[in-house]
Amino acid sequence: MKKIIFSIVFLTLGWATSQAQTFNLGVKAGVNLAKINADFASEENRLGYQIGAWARIGGASFYVQPEAYIGSKGNKFISVQQDNGNEVTAEGKVKFTTLDIPVLLGTKFGAKNLNFRLMAGPVISFVLDENSSFNSAYQQATDFSNYKNQALGLQAGAGVDVGSISVDLRYEAGLSNISKSEKYSQKPNLFQLSLGFKIL
């Protein structure tokens with residue numbers, strides 16, 4: 001599945017590059033509101049950041065936008081469901097620093113110095129650092145806090161360009177289980193708000 005998705009994306013990227021009428025390069029920074037959806041616990045959103053770069057390749061209305069940025073995302077677990085079915089208050093926290101690489105397909109419309117964009121595409125996140133703490137109520141789930149070093153997701157959103165300034169709002173849905181557990185599923189989901197500046 002992962003190989004098929006990225007094969008399609010990179011074939012599209014190659015086609016867009018060969019047909020490209022414009023090429024832009026920029027930097028971006030912003031905030032994330034993230035949560036890890038778990039089937040074993042209830043959770044709360046956590047605030048994080050992102051900072052990195054993007055390229056935009058395309059024609060008058062269609063474009064491909066690969067990006068690379070460092071970000072932080074995490075979760076606060078506030079309760080846990082025990083094997084007997086009871087839910088008890090139990091705090092757990094996890095924070096990831098990740099390298100995120102989305103490849104977005106988009107369309108844009110409007111004037112040269114004021115246009116609106118819609119985009120969507122896959123993103124792969126590589127975990128650079130992980131910091132977690134779970135209280136004793138999670139000990140019955142012995143592999144609940146063991147995490148993989150990468151996760152696959154899907155981003156979709158909208159943006160606006162005003163001259164060299166770009167503002168994007170996106171939602172990212174986790175497609176793969178970031179937990180190593182075969183019993184418990186955890187999928188990162190987040191909202192992103194970013195401010196970009198076109199340098200080329």
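Only this structure's heavy atoms are used, side chains among them; waters, hydrogens and symmetry mates stay out. Residue numbers start at 1 and run along the sequence shown. Keep in mind the model is a prediction, meaning the values are calculated, not measured.
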Would a 4.5 Å heavy-atom cut-off, applied to side chains only, mark Ser132 and Lys93 as touching?
no
Heavy-atom side-chain contact between Leu154 and Val123 under 4.5 Å:
no
Begin from the C-alpha positions of Glu43 and Asn75 and carry the test side chain to side chain donor-acceptor pair (under 3.5 Å) through to its verdict.
CA-CA 7 Å; Glu43 56 290 297; Asn75 196 62; 5.2 Å; no
Judged by atom type as modelled, is there a donor-acceptor pair below 3.5 Å linking the side chain of Asn131 to the main-chain atoms of Lys95?
no
Whether the side chain of Asn37 engages the backbone of Lys187 through a donor-acceptor N/O pair (distance < 3.5 Å, no angle test) should be reported.
no
To the nearest 0.5 Å, what is the distance between CG on Leu190 and OG on Ser125?
8.0 Å
Side chain proximity check, Thr98 to Tyr69, heavy atoms < 4.5 angstrom:
no
Would Arg117 and Asp168 pass as an ion pair if we require N to O under 4.0 Å?
yes
Passes side-chain contact (heavy atoms from CB on, under 4.5 Å), Phe116 versus Val160? Steps please.
CA-CA 4 Å; Phe116 300 90; Val160 60; 3.7 Å; yes
Let me confirm one number: the CD1-CD1 distance from Ile51 to Ile70, rounded to the nearest 0.5 Å.
9.5 Å
Sub-4.5 Å side-chain heavy-atom contact between Phe191 and Lys35
no
More than 12 heavy atoms from other groups under 6.0 Å of CG on Leu25:
yes
Verdict with reasoning, Tyr63 to Ile57, per side-chain contact (heavy atoms from CB on, under 4.5 Å)
CA-CA 5 Å; Tyr63 67 90; Ile57 307 156; over 6 Å; no
Measure across Ala111 and Asn115 and return the closest heavy-atom pair with its distance rounded to 0.1 Å.
O-CB, 3.5 Å
Distance col, row Leu175:CG vs Ile124:CD1, nearest 0.5 angstrom, shows 11.0 Å
I want to check something: taking the side chain as every heavy atom from C-beta on, are Glu67 and Lys28 in contact at a cut-off of under 4.5 Å?
yes
For a quick test of reading the model, state the closest non-hydrogen atom pair linking Phe23 to Ala55 and the distance between them.
CE1-CB, 4.1 Å
Measure the shortest side-chain to side-chain distance between Arg170 and Leu104 over non-hydrogen atoms and say whether it is less than 4.5 angstrom.
yes
How close do Pro188 and Ser176 get, heavy atom to heavy atom, and via which atoms?
CD-O, 4.3 Å
How long is the span from the OG atom in Ser61 to the NZ atom in Lys108, to the nearest 0.5 Å?
8.5 Å
First locate atom CG of Asn32, then atom CD of Gln50, and finally report the distance between them rounded to the nearest 0.5 Å.
5.0 Å
What closest approach, in Å, do Ala158 and Met119 show between heavy atoms, and which atom pair accounts for it?
N-SD, 3.7 Å
Do the charged groups of Asp161 and Arg56 touch, with an N to O distance under 4.0 Å?
yes
Check against side-chain contact (heavy atoms from CB on, under 4.5 Å), Lys76 and Ile78:
CA-CA 6 Å; Lys76 180 180 180 181; Ile78 56 176; 4.2 Å; yes
Closest non-hydrogen atom pair between Ser166 and Trp54, with its separation:
OG-CZ2, 4.4 Å
Check Glu130 with Lys73, please: is the shortest side-chain N to carboxylate O separation under 4.0 Å?
no
Is there side-chain contact between Tyr171 and Asn189, with at least one heavy-atom pair below 4.5 Å?
yes
So Phe96 and Val127, side-chain contact (heavy atoms from CB on, under 4.5 Å) or not? Walk me through it.
CA-CA 6 Å; Phe96 300 106; Val127 176; 3.9 Å; yes
Working to the nearest 0.5 Å, report the span between CD1 of Ile36 and OG of Ser185.
11.0 Å
Ile165 vs Leu195 side-chain heavy atoms within contact, under 4.5 Å:
yes
Tell me the closest heavy-atom pair linking Ser72 and Gly48, and the distance in Å.
OG-CA, 3.2 Å
If hydrophobic clusters are built by linking Ile, Leu, Val, Met, Phe, Trp and Tyr wherever their side-chain heavy atoms come under 4.5 Å apart, do Leu118 and Val103 end up in the same one?
no
